[in-house]
There are 2 protein chains.
Amino acid sequence: MSHTPGVRQARKQRTRQALLDAALDLLEGQSLSSLGLREVTRAVGVAPTAFYRHFRSVEDLGVALVEEALGSLHPMIRTTVSTTGDGEERIARAIELIAGHVDVYPAHVRFIARERHGGVRPVREAIHDQLARFTAEVGEALAKDPQSTDWSGDDLLMLAQLYVDQMLITASLFLEAPATDPAERERVSRIATRQLRLIGIGRRHWLDRHGPAGAPPTP
Amino acid sequence: MSHTPGVRQARKQRTRQALLDAALDLLEGQSLSSLGLREVTRAVGVAPTAFYRHFRSVEDLGVALVEEALGSLHPMIRTTVSTTGDGEERIARAIELIAGHVDVYPAHVRFIARERHGGVRPVREAIHDQLARFTAEVGEALAKDPQSTDWSGDDLLMLAQLYVDQMLITASLFLEAPATDPAERERVSRIATRQLRLIGIGRRHWLDRHGPAGAPPTP
DNA sequence: CCATGCAGTCAACAACTGTTCTCCGGAAAT
DNA sequence: ATTTCCGGAGAACAGTTGTTGACTGCATGG
């Protein structure tokens, strides 16, 4: 069995990572469908042909970027949703976590937001798949919450989808808020907090009168 | 004063519209930042240089497309939000209207969804401005609803934003649902309906105990 | 120690891009 | 009737693109 881990593969994955990083950088000002192969290799400092040793095409690189941007996010999602505490605390914690993630990985967040509906089909589908996984995981976590007793699986999934979409919208808003303007960040934070709060209220009263066509409110 | 509107300007705006239409067509499979000037003129059947008679650049054309896609949507928004009737009826009507719009103008919807976070700054900003106008209009409409008594202006705007974002998400989901699969369309419709319903419930109970840190629920 | 594998280089290709300048024909204005 | 205006065509430009084939140096496995 291989006595050494291989200096070979280490070097390979190093330039591969360099290609991914350079691409992510270049994607700050354009979409993936306009990103050129040569543009990426030039930024890294390797020959254009070296690109093919790592990716079949730019689309391929895009799919790899989706993995990098979202693949490592699942544990964070799980711990966030399963955090204990008061509803308000959980909301604040979730938004804090989103803001922190945007601060640390702004390029990744921008990439996902941009290419989710972007012009490259395989990348769109990769993102869609990952988000579907997120939704399923959030749905499972919600199912374990005592607040979700008597909820149907369908309803849990539609709520999970609402949460996941809301997470993306909030992340995108943080991204657009300039890092130099803490007041704007605070504004985004406050709006997102209240939106989550409103959804939480709707969630608490979801099963309040679920009979067929009853009188308006039953306090 | 100009005695005739001019056959001249009529022909000009005809090719201008042809350029817009062709661009929208080509944008089904790519993003604006990769759309070439020559590509568009070739699709229309005019010389590349003719492009400059109508737009300074492809970015410029993109901004014009935003106007075309969203500018004419304001009346629809107004009539939708101000529609009378039961809450459930209004939800059904709104979703019906979104689905219908996506059916009639799929390319426009795709363009907005794609370029909202796309790689071309001026286009992103134009979309953002239009959506901000939508949010303001929805907020005004909500303010007139008796259900919004005692709501702060800030809260009305955050709810309006929630509605506008939800509208875009739903439109995008309808767009992804293949036209050949009515079952999928129905699924999207059902999920969107329940999400709007949940938001509506949260809205009804928004002011329920807005005092500081009270006991959990007060039935 | 030698032979294989493989990341990366180099040169060359046909095709395409945005932009410029010059010109043309017909509508508009005088 | 004559001049002006202007949407469009044509040719040409320097750059850029993706992809190819054959080549090189070096870590790996026998």
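The chains referred to below are lettered A, B, ... by the order of the sequence lines, with proteins before strands, and numbering in each begins at 1.
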- Please step through side-chain contact (heavy atoms from CB on, under 4.5 Å) for the pair A:L173 and B:Q161, ending with a clear verdict. CA-CA 12 Å; A:L173 284 177; B:Q161 204 176 102; 3.9 Å; yes

Which atom pairs, donor and acceptor, lie under 3.5 Å between side-chain atoms of residues 135-142 of chain A and protein residues at least two apart or in another chain?
{"from": "A:T135", "atom 1": "OG1", "to": "A:L131", "atom 2": "O", "distance (Å)": "2.9"}
{"from": "A:E137", "atom 1": "OE1", "to": "A:H74", "atom 2": "ND1", "distance (Å)": "3.1"}
{"from": "A:E137", "atom 1": "OE2", "to": "A:H74", "atom 2": "ND1", "distance (Å)": "2.8"}

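- A side-chain contact (heavy atoms from CB on, under 4.5 Å) with B:R114 is found for exactly one of A:R124, A:E115, A:R116, namely A:R124.
- Considering only residues two or more places apart in sequence or on other chains, A:H128 meets the ring-ring contact (aromatic ring centres under 6.0 Å, His included) condition with none of them.
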Result block: side-chain N/O donor-acceptor pairs under 3.5 angstrom for residues 62-70 of chain B, not counting sequence neighbours:
{"from": "B:E67", "atom 1": "OE2", "to": "B:Q130", "atom 2": "NE2", "distance (Å)": "3.4"}
{"from": "B:E68", "atom 1": "OE1", "to": "B:Q17", "atom 2": "NE2", "distance (Å)": "3.1"}
{"from": "B:E68", "atom 1": "OE2", "to": "B:H108", "atom 2": "NE2", "distance (Å)": "2.9"}

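- Smallest separation of non-hydrogen atoms from A:S172 and B:H117: OG-CE1, 3.1 Å.
- We find the CG-CG distance between A:L175 and A:D103 to be 10.0 Å, quoted to the nearest 0.5 Å.
- Taking all atoms of both residues into account, the shortest heavy-atom contact from A:F134 to A:L73 is CZ-CB, 3.7 Å.
- B:L61 contributes atom CG, which lies 10.5 Å from atom NE2 of B:H54 (distance to the nearest 0.5 angstrom).
- Following rounding to the nearest Å, A:Q9 (CD) and C:dA7 (P) show an atom-to-atom distance of 8 Å.
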Expected rows: protein N/O vs nucleotides 14-17 of chain C N/O, under 3.5 Å:
{"from": "C:dT17", "atom 1": "OP1", "to": "B:R42", "atom 2": "NH2", "distance (Å)": "3.2"}
{"from": "C:dT17", "atom 1": "OP2", "to": "B:R42", "atom 2": "NH2", "distance (Å)": "2.6"}

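- Distance CD1/B:I91 to CD/B:E96: 13.0 Å, rounded to 0.5 Å.
- Within residues 44-63 of chain B, the residues that place at least one heavy atom under 4.0 Å from DNA chain D are, in residue-number order, B:V46, B:A47, B:T49, B:A50, B:R53, B:H54.
- Listed in residue order, the members of residues 12-28 of chain A having a heavy atom less than 4.0 Å from DNA chain C are A:K12, A:T15.
- Comparing B:R11 and A:R11 along DNA chain C, the residue whose closest nucleotide (by nearest heavy atom) sits nearer the 5' end is A:R11.
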